Amino acid sequence: MEIREITIIGGYDKNGNPEPVREVTIKRGEIVGVVGPTGSGKSNLISDIEQLAQGDTISKRKILVNGKVPPIEMRRDPKKRRIAQLSQNMNFLADMTVEEFILMHAKSRGVYRENIVDEVIELANRLTGEPIKKDYNLTILSGGQSRSLMVADVAVISDSPIVLIDEIENAGIKKHEALELLAGYGKIVLVITHDPVLALMTDRRIVMRSGGMQKIVETTEEEKEISRRINEVDNWLLSLREKIRLGERLTYEDVTLAVKE
Amino acid sequence: MKVAIIAGTPGAGKTSVLIHTIKTLINDGHKPVVVKIDCLYTDDDIRYKKLGIPVLVGLSKDMCPDHFAIYNFEEMVDWAKDKGDILLIETAGLCHRCAPYTKNSLGICVIDATSGPNTPRKVGPFLTSADIVVVTKGDIISQAEREVFRERVLEMNPNCRVYEVNGLTGQGCVEIAKEIIESSDIKELDNEELRHNAPLCICTLCVGETRVGKKYHRGILRRIDGFMKYEGE
């Protein structure tokens, strides 16, 4: 089935009141942000979409695919669900090597391709500082390595028309590259973020409070321009971080140059 | 009467899953009753009683709780007969080498995704002979790891239906309730059979031998090098 759009039908917030936003439709090629304080229910919204909730979660939301209730097989079987999710939970518990894990996951998704392991690892290593090797045990990977591996996994193995991302800025990885990799072409992307650069890279953002969708804010041209500018500040900060990482010393010159620009 | 037997590793969330499932069953107009089998201690009956349904507790003491459940199958069904239309038997299980499921009951295995994707390979017939495998705690691991876990379950039991359930919120329990409602009835208790045999047999340790020496043991003895022999009459 070709997925053209998904619709979120509003349910109830934490206090049992109907959510102010009753319906949101997200079409292919759109990136939508989800913003709000911690504990406001952002992750729950994402997980409702991941499970294609039908009024059976705490929020009582319903998720429609192409305007219809998705078939039961799509809810039951991850091979048919075609939703990739990057959650905050990326601590690996599986006692197996990176290679075994990639092969198992590819199998569970029905992806059979030669060199899939190298493909995923190579991509992951573009996003992280310390390279991952295929005979590493999953449980020894650092937070950044785990997240890079998951981003690469989503891009290569779980390559799905719907991509849900939960706060990649906490990942200690190159987030712009990561988002570009994940968004791809013609996908439906939802990004939970506290990061102004990422939030303003989206077309609209759903504002969450006490478990409910409060309103939807469209990103203005002015905000997109602001996003580009703070992106420069972000890159400048990254360059300082890189210098420190490489054991170099910072001088006033590093700071004044940036301010003059 | 419909009978569902729920087995699973300790702490996987059998009781929590059942409580949410029972709520759905009651809302649907059914009359579920519960038997809880454990070894030494349980206070799960207090949780079940809060739902206003009949609850029976069986403590197997030093016997395998799955065996205990099987020996008492007729008693449990008799007890349940005039109290409700669905009997849910929750059994603790110890070694997971046997499975308490009978041919006409619905076998539900509850297993915890955080126990790692090798667990489905380690737990034996209670997973491999189940109709339904309920995977809990998936919300605290990554999607990829959840999918790998599911794949391992299907490798071990290709005919089961896997459900990811959240024991805290009850998400997914509506489907479990639906499976129970759609399962077939047990009609003839006399001819009801186990789906899988119990492991080997009773050994001398099972009947109270405490001496370790090899010469004191009778029955089927399996050596660490794989050699197996029968000692005794």
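Just so it is clear: chains get the letters A, B, ... in the order the sequence lines come, proteins before strands, and each one is counted from 1. Keep in mind it's a predicted model, so treat the numbers as computed, not measured.
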Does atom NZ of Lys14(A) have more than 12 heavy-atom neighbours from other groups under 6.0 Å away?
yes
Which bit of Ile72(A) is near chain B, if near means a heavy-atom gap under 4.5 Å: side chain, backbone, both or neither?
side chain
Does atom NZ (Lys62(A)) have a neighbourhood of more than 12 heavy atoms from anything else shown, all under 6.0 Å?
no
Between NE2 of His105(A) and CZ of Arg146(B), what distance do you get to the nearest 0.5 Å?
9.5 Å
Answer with side chain, backbone, both or neither: which region of Tyr163(B) has an atom nearer than 4.5 Å to a non-hydrogen atom of chain A?
side chain
Please classify the contact of Asp139(B) with chain A as side chain, backbone, both or neither, using a heavy-atom distance under 4.5 Å.
backbone
If you tally heavy-atom pairs under 4.5 Å against chain B, which of Ala84(A), Ser47(A), Ala53(A) wins?
Ala84(A)
Looking only at non-hydrogen atoms, find the nearest pair between Asp95(A) and Asn118(B) and report the distance.
O-ND2, 3.5 Å
Do the side chain of Gln143(B) and the main chain of Val154(A) share a donor and acceptor less than 3.5 angstrom apart?
no
Can you measure from CD (Glu155(B)) to NZ (Lys107(A)) and round to the nearest 0.5 angstrom?
3.5 Å
How about NZ on Lys133(A), more than 12 heavy atoms from neighbouring residues, nucleotides or ligands closer than 6.0 Å, or not?
no
Between Glu151(B) and Ser108(A), which heavy-atom pair has the shortest distance, and what is it?
OE1-CA, 3.1 Å
Is any side-chain heavy atom of Pro117(B) closer than 4.5 Å to a side-chain heavy atom of Met96(A)?
yes
side-chain contact (heavy atoms from CB on, under 4.5 Å) partner of Thr169(B), the single match among Ile58(A), Thr57(A), Asn44(A):
Ile58(A)
Of all heavy-atom pairs between Glu175(B) and Asp56(A), which one has the smallest distance, and what is that distance?
OE1-OD2, 4.4 Å
Looking at every heavy atom in both Ser87(A) and Ile141(B), which two are closest together, and how far apart are they?
OG-O, 4.3 Å
Is the number of heavy atoms from other residues, nucleotides or ligands under 6.0 Å of Arg126(A) CZ greater than 12?
no
Is it true that Arg81(A) and Glu147(B) have a side-chain N and a carboxylate O under 4.0 angstrom from each other?
no
